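As the structure is a prediction and not an experimental result, all values here were calculated from the model. Sequence lines set the chain letters: A, B, ... in the order given, protein chains first and strands last, and positions in each chain run from 1.
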Amino acid sequence: MKQLNKELEQLIETALAGAIARGDLPEFEIPSVPVSPPKRAGQGDLSYPGMSLAKLARKNPLEIANLVAATLPRADFIDKIEVAPPGFINCFLSESYLKQQVDRIIEEGEDFFQLDIGAGQKAQVEFVSANPSGPITIGHTRNAVVGDAMARLLEAAGYEVQREYYYNNAGNQMIVLGKSLLLRYLQQLGEDLDFPEDYYQGAYLVEIAAELAAEHGDALKESGWERFKDIAEARMFQWINRSLAAIDIGHDRFYNETSLFESERIWAVLEELRDNGHIYQSAHWEGAGAEEIADVAAKGYQPATWFRSTAFGDEKDRVMVKSDGAPTYTLPDIAYHCDKLERGFDIAVNVLGTDHFSQAQVVKYGIRALNMDPGPIHVIFIQMVRAVRWNEELGKYQAVKQSKRAGDFDTLDELVQMTSADAVRYHMLARSPNSQLDFDVDRVVKQSNENPVYYIQNAYVRCAGIFREAKERGFNDDGVDLSLLGEAELKFIRKALELGNVIEQAVTHYEPHKIAFFAGELAAVFHPIYDQVRVLHSEVPSDVAKARLRFYRAAGVVFYRLLRLMGMSAPERM
RNA sequence: GCUCCAGUAGCUCAGUGGAUAGAGCAUUGGUUUCCUAAACCAAGUGUCGCAGGUUCGAGUCCUGCCUGGAGCGCCA
């Protein structure tokens, strides 16, 4: 399917080049000017602001617009071109072209607006990346939904996409997890033991411990925490994957940070940084103030290994290897991204919470210090998400307490249980990632017309309903004459043809939420049409009914495509 | 203190430097003999945080300020 705004832009550029060649316009470099649908009726379907050229062409914008309109090459999708002050070039789409697109949409099916922007290119999306120390929380969920939608959109743009999950099972967290499970297990065996406050308090460890006790009795009693760490880790991953699968999310590859230690890759990276002159040994960083130095002295720090990230714009240098010889999190993170780049991804999207902002910056500095181009790496930062409820007494929203009490929830599982996988996905996606998200629990739970999830799905359901009914009545759209379609149906087709541009915008700006808003807008165009444009109705002549049936077939294809792009289901019935 | 993000209708939020700033919810009234009501139709709501600047044109870009959030460890 063609992206008409791009086609038109090219035609206009051709016309401009012609005008320059003929000497009607002075020599100038034609800029890329976005062609977009105007907001108001009567201004056509696509609009090009000719004013952008006035200064370059040193000519009145209205004159330029008229010149372009008069010499624009012919195209099958254009009905007419109008010029409007102060210099807009407005394009009206041809009705017959739009009607033909109904069959084109059906032909393309699930590949409707499958673009070739990324053809032959590899993209990676790294997302979730939660360490296996507990369940998927509401914050991870937003990360997961945004990351997966980004991956789907990249696929729609033609990229070959890999979904990756980066995790660390070697840190102190995991040791504590293992020890926590060991304690819970011993408690299950009846031992009266204190459970330290800084251990994992979650009830899930008690459950696992109970299962272990039931399955193995006291056979594991003599095992060390290492054994319990392994068990806990395996169980956590099972749980995480099951939770994600419940909202139709999965990863192609799990990348263990530990492998970077085993391969000694981190030390190779450190040596390369050192060779490039970006590493030094010191008890404090080179730019430390007197106060900082005194503080370090008071703590008695021995010299550590520093990366001079300030040379790349950082506000302070960062420790790579602590004075005790252990690397910080940053060094393997740099090595990991180095590895990513070497794997040859043209785009490497990284979905992170804003609490990783500084970390992500340092990684980019590290990449540059290795004389590599961090260009392919793009980070989508996800702002905080919290579950809220409307408090009638206070007249404002309040955060749902993150306690384990019944009715409160802070995990994906509980969220899905309270609402639905589709509702979770839609609401987590339908926000700009860099705005804080208040997840209104009651509203999402409500399965009513105030919930846009069902508004969109219902559009697909309605299409499916027509076909069920038509089949029962033995009616079909064979031998259809699409010229019988009316203005209402064309309005939908016009809107649907914007999908390609939406996908492109979402991909090039790394803003997957755009697809969610588009889906809502398209449903808002659809429902009034469905209300008026009936198919199986006594007053509708058979040939018109055939055309309309074909139209709803196309509409169903479009909604199916949209729902899948958002990772949502396309139910046949509500 | 420094860095980043946000501030748009009563609420939750969209908004590619372009034309008269939008949607949903909430509020009020209306709509179904025949696929449809989780829907449709109609009605009102704005100091786009404040002040400057750039531009033919600014909610959008720049500067400063105000408010809210996140980050600023030899944590991961």
Side-chain angles (χ1 to χ4, degrees), chain A residues 5 33-36 38-40 43 47-52 54-55 61 84-88 90 131 133 168 170-174 257 283-285 296 299 301-306 315-316 318-324 326 328-330 333 353-359 361 381 383-384 388 390 395-397 430-438 440 443 446-455 457-459 461-463 465-470 472-473 475 501 505 508-509 513-514 516-517 520-521 524 526-532 534-540 545 548-549 552 574:
Chain A
N5 59 330
V33 177
V35 170
S36 57
K39 288 172 188 160
R40 241 152 263 286
Q43 298 173 339
S47 184
Y48 181 101
M51 298 81 82
S52 325
K55 191 161 280 182
F88 290 104
N90 293 332
N131 288 341
S133 58
N168 174 21
N172 194 48
Q173 282 179 38
M174 296 301 294
E257 183 189 319
H284 55 78
W285 75 287
V296 164
K299 285 179 182 166
Y301 283 145
Q302 297 301 305
T305 306
W306 292 80
E315 29 184 44
K316 61 170 295 183
R318 310 285 167 168
V319 170
M320 292 292 106
V321 183
K322 294 185 270 185
S323 49
D324 66 4
T328 59
Y329 175 78
T330 312
D333 210 5
T354 47
D355 50 337
H356 289 75
F357 181 79
S358 305
Q359 180 66 26
Q361 293 294 71
F381 287 106
Q383 298 286 328
M384 291 275 284
V388 296
W390 181 257
K396 63 176 184 181
Y397 281 102
R431 289 279 185 295
S432 166
N434 57 10
S435 72
Q436 289 174 52
L437 169 55
D438 284 345
D440 181 341
R443 182 175 152 182
K446 214 184 267 186
Q447 301 197 358
S448 70
N449 60 348
E450 75 186 74
N451 195 327
V453 180
Y454 303 99
Y455 188 73
Q457 284 182 321
N458 194 28
V461 168
R462 288 179 137 183
C463 293
I466 295 177
F467 285 98
R468 268 200 310 276
E469 184 66 21
E472 272 179 33
R473 299 190 191 185
F475 187 76
N501 197 36
Q505 290 290 323
T508 56
H509 294 116
H513 69 284
K514 286 180 185 294
F517 284 94
E521 287 168 18
F526 175 84
H527 285 298
I529 295 170
Y530 183 79
D531 218 53
Q532 293 162 17
R534 299 191 180 188
V535 178
L536 307 170
H537 191 283
S538 57
E539 287 173 19
V540 178
R548 291 178 175 179
L549 190 60
Y552 283 110
M574 275 306 200

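- Side chain Ser36(A) to base G18(B): no donor-acceptor pair is found below 3.5 Å.
- Judged by distance alone, with hydrogens and angles left aside, Ser323(A) brings a side-chain donor or acceptor within reach of the base of C74(B), the pair sitting under 3.5 Å.
- Atom OG1 in Thr328(A) sits 10.0 Å away from atom CZ in Arg318(A) (nearest 0.5 Å).
- Ring-base stacking between Tyr455(A) and A38(B) is not satisfied when judged by a centre separation under 5.5 Å and a plane angle under 30°.
- Side-chain to base pairing of Asn90(A) with A19(B): one donor and one acceptor N or O lie within less than 3.5 Å of each other.
- For the pair Phe88(A) CZ and U20(B) C1', the interatomic distance rounds to 12 Å; values are reported in whole Å.
- When the C1' atom of A38(B) is taken as reference, atom NE2 of His527(A) falls 8 Å away, rounded to whole Å.
- At whole-Å resolution of the value, NE2 in His509(A) and P in A14(B) are 16 Å apart.
- With hydrogens and angles left out, the side chain of Ser47(A) and the base of A19(B) share a donor-acceptor pair within 3.5 Å.
- Here C13(B) presents its P atom at 15 Å from CG of Asn451(A), a figure rounded to the nearest Å.
- Rounded to an integer number of Å, the gap from CZ of Phe517(A) to C1' of G24(B) is 10 Å.
- Across the protein-nucleic acid pair, Tyr530(A) atom OH and C41(B) atom P stand 15 Å apart, rounded to whole Å.
- A close approach under 4.0 Å does occur between a side-chain nitrogen or oxygen of Lys514(A) and OP1 or OP2 of G15(B).
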*With the sugar-phosphate defined as primed atoms, P, OP1 and OP2, and the base as all remaining atoms, what B/S/- string results for nucleotides 68-73 of chain B, 5' to 3', for protein heavy atoms under 4.0 Å?*
BSSSS-

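- Put simply, the side chain of Asn501(A) and the base of U16(B) share a donor and an acceptor less than 3.5 Å apart.
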